[in-house]
Amino acid sequence: AEYMGILQPSQQMAVETQSAFQAPKLNLCYITGYLATILIGSFNYGWAIGIFGALQILFKSMYQWSDEEYSQYTSLISSLFPVGAFISSLFAGKILQYGRRVTMYVAACLNILSTIFSTVLQKPNPSDSSSGISEFCVERFLLGLSAGLYCSVSPLYISEIIPPHLRGAICCFHPLLLTFGIVCTYFIGVVIPNGSSEYLINNSFGWRFSMSIPSILAIFQMISLFFVYKYDSPPYYYQRSMTKELKEALTCIYAEEADEKAVFQFLSAGEKYDPNVSLYQKYKWAFWAGLSLAAIQQLSGMIIVSFYAPQVFAKQGDSQAQILSLVVALINFAATFVAIYISDKFGRRILLIGGSIGCGIALLMSLITCDGTDTASLWVFNFGAFLFMGVFACSHGATFW
């Protein structure tokens, strides 16, 4: 930031205060529960990414889709998730102005509403292969809206309640819980037994419950935020000169008394919110750097591999497809731990450059072999998908957050 000339004098003074100010002792019990409540959003985001891909083989059997219908319907349904996430991300900044907790409430409500369409209103009819498609489309779109808000508010919320010396490691819990959510969905896909259409309709509790889990967690999150963690982040209150709420929030987060201004300067570079000042003019270099990294992360192919790799895996058999999808998710989860270890050791820039090269090579391998049906082509595709997910999780997947 200093190199790009972004820091203002007041921010530089805040940074100097951070280095000289001794961090007050955190209320570990409160802050642990607070973080766990926030990270429900990260877990739900990961679950939303993976759940339909994990169960699409089961839905193919239940609705008796042909191979052509399977490709068309799953592509349509899957595409609506990123559309919803894109739309909600456009409005996330406006909603965040009303508070981080309010944004969490909105995301949780959308999550709960999506479950109604995927479970309560879902009435499978094998004689009509298109039955249930509209409900799935609405469910994925609403889930995308929820995920877009969750991925906007969760890392921001965490960074605003954690002191700088802990922020790097703690913020990595967002991608960690996200990838854990993806792993859980593919594990569910392996555990839930597949079978005939009649069997799946008469024994629908497994897949209906698995699609309801995020809503159950969202309800718990709303209750926790309403009754236990009743305060927004200190920076939110400070920027709006809400002194009383700021003091009460700090009293909950810290186990000892501390001067509000000093603690806030320790939390962040403390400039108050001024609606008359153009944030773009002040932070345009940081804005374009952050926007570019976000675009590269989302356009690098992770969504494509997560949603469509199971369709190629299905060429190797339904049971094999579920196991291979689980392996991809496990690699993603395990590589996130590696990213936490190496991000500070090698630096974000090296990881991003190396990750871009590695992801490009892996995607090229999968692209060349995705239409093949022989054993060699399929295993080259598998290796490309495994390599991509591991490299992505070590670079773009973790460092951006």
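The first residue of the sequence shown is numbered 1, and numbering continues consecutively from there. Since this is a predicted model, take the numbers as computed values, not measurements.
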- Item | Partners passing salt bridge (charged side-chain N to carboxylate O under 4.0 Å, His left out) against Arg140 (at least two apart in sequence or in another chain) | none
- Taking only residues two or more places apart in sequence, or in another chain, which ones meet Asp67 in a salt bridge (charged side-chain N to carboxylate O under 4.0 Å, His left out)?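 Residues passing salt bridge (charged side-chain N to carboxylate O under 4.0 Å, His left out) with Asp67: Lys60.
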- Task: Just do the side chain to side chain contact (heavy atoms under 4.5 Å, CB included) check on Trp207 and Leu58 with the steps written out, would you?
- Result: CA-CA 9 Å; Trp207 65 265; Leu58 182 147; 4.0 Å; yes
Calculate, to the nearest 0.5 Å, the distance between atoms [atom1] and [atom2] belonging to [X] and [Y] respectively.
X: Thr251; Y: Lys247; atom1: OG1; atom2: NZ; result: 6.5 Å
X: Gln56; Y: Ser75; atom1: CD; atom2: OG; result: 8.5 Å
X: Ile51; Y: Ser118; atom1: CD1; atom2: OG; result: 9.0 Å
X: Ile296; Y: Ser356; atom1: CD1; atom2: OG; result: 6.0 Å
X: Tyr73; Y: Leu76; atom1: OH; atom2: CG; result: 9.5 Å
X: Tyr186; Y: Ile323; atom1: OH; atom2: CD1; result: 14.5 Å

[X] vs [Y] side-chain heavy atoms within contact, under 4.5 Å:
X: Ile162; Y: Ile158; value: yes
X: Ile38; Y: Ile161; value: yes
X: Phe91; Y: Leu149; value: no
X: Ser233; Y: Tyr157; value: yes
X: Val328; Y: Phe313; value: yes
X: Thr119; Y: Phe209; value: no
X: Asn27; Y: Cys252; value: no
X: Gln97; Y: Gln239; value: no

- Mind running ring pair (Phe, Tyr, Trp, His ring centres under 6.0 Å) on Trp65 and Phe59 for me, showing each step along the way? CA-CA 8 Å; Trp65 292 335; Phe59 292 141; 7.1 Å; no
Quick check: closest heavy atoms across [X] and [Y], and the distance to 0.1 Å?
X: Ala218; Y: Ile112; result: CB-CG1, 4.2 Å
X: Gly99; Y: Asp232; result: CA-OD2, 3.2 Å
X: Tyr150; Y: Pro155; result: O-CD, 4.0 Å
X: Cys394; Y: Ala335; result: SG-O, 3.6 Å
X: Ser366; Y: Ala385; result: OG-N, 3.4 Å
X: Met389; Y: Asn332; result: CG-CB, 3.4 Å

N/O donor-acceptor pair under 3.5 Å between [X] side chain and [Y] backbone:
X: Ser88; Y: Leu145; result: yes
X: Thr185; Y: Ile182; result: yes
X: Ser159; Y: Leu156; result: yes
X: Gln221; Y: Thr37; result: yes
X: Ser215; Y: Asn111; result: yes

Going by atom types only, do [X] and [Y] share a side-chain donor-acceptor pair under 3.5 Å?
X: Tyr98; Y: Tyr105; result: no
X: Glu245; Y: Tyr231; result: no
X: Tyr63; Y: Glu69; result: no
X: His174; Y: Ser154; result: no

- Task: Keeping to residues at least two apart or across chains, list the side chain to side chain donor-acceptor pair (under 3.5 Å) pairs with something in residues 377-392.
- Result: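 Qualifying pairs: Gln316-Asn382, Asp374-Ser377.
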- Message: Once ring-ring contact (aromatic ring centres under 6.0 Å, His included) is applied, do any residues pair with Phe43, and if so which ones, sequence neighbours excluded?
- Response: Trp47, Phe180
- Message: The criterion is ring-ring contact (aromatic ring centres under 6.0 Å, His included); which residues satisfy it with Phe386, sequence neighbours excluded?
- Response: none
- Query: Run the ring pair (Phe, Tyr, Trp, His ring centres under 6.0 Å) check on Phe136 and Phe52 step by step: do they pass?
  - Reply: CA-CA 9 Å; Phe136 274 134; Phe52 187 78; 5.6 Å; yes
- Query: What's the verdict on side chain to side chain contact (heavy atoms under 4.5 Å, CB included) for Thr336 and Leu178, showing C-alpha distance, side-chain angles and the deciding distance?
  - Reply: CA-CA 10 Å; Thr336 305; Leu178 190 157; over 6 Å; no
- Can Tyr30 and Tyr229 be said to form a ring pair (Phe, Tyr, Trp, His ring centres under 6.0 Å), step by step? CA-CA 8 Å; Tyr30 181 88; Tyr229 308 105; 5.1 Å; yes
- side chain to side chain contact (heavy atoms under 4.5 Å, CB included) assessment of Lys230 paired with Leu225: CA-CA 6 Å; Lys230 299 181 289 185; Leu225 289 174; over 6 Å; no
- Message: Once side chain to side chain donor-acceptor pair (under 3.5 Å) is applied, do any residues pair with Thr74, and if so which ones, sequence neighbours excluded?
- Response: Gln311
- Query: How are the rings of Phe388 and Phe392 set relative to one another: parallel (under 30°), tilted (30 to 60°) or perpendicular (over 60°)?
  - Reply: parallel
- Task: Test Thr115 against Met211 for side chain to side chain contact (heavy atoms under 4.5 Å, CB included), laying out the working first.
- Result: CA-CA 7 Å; Thr115 300; Met211 300 190 79; 5.8 Å; no
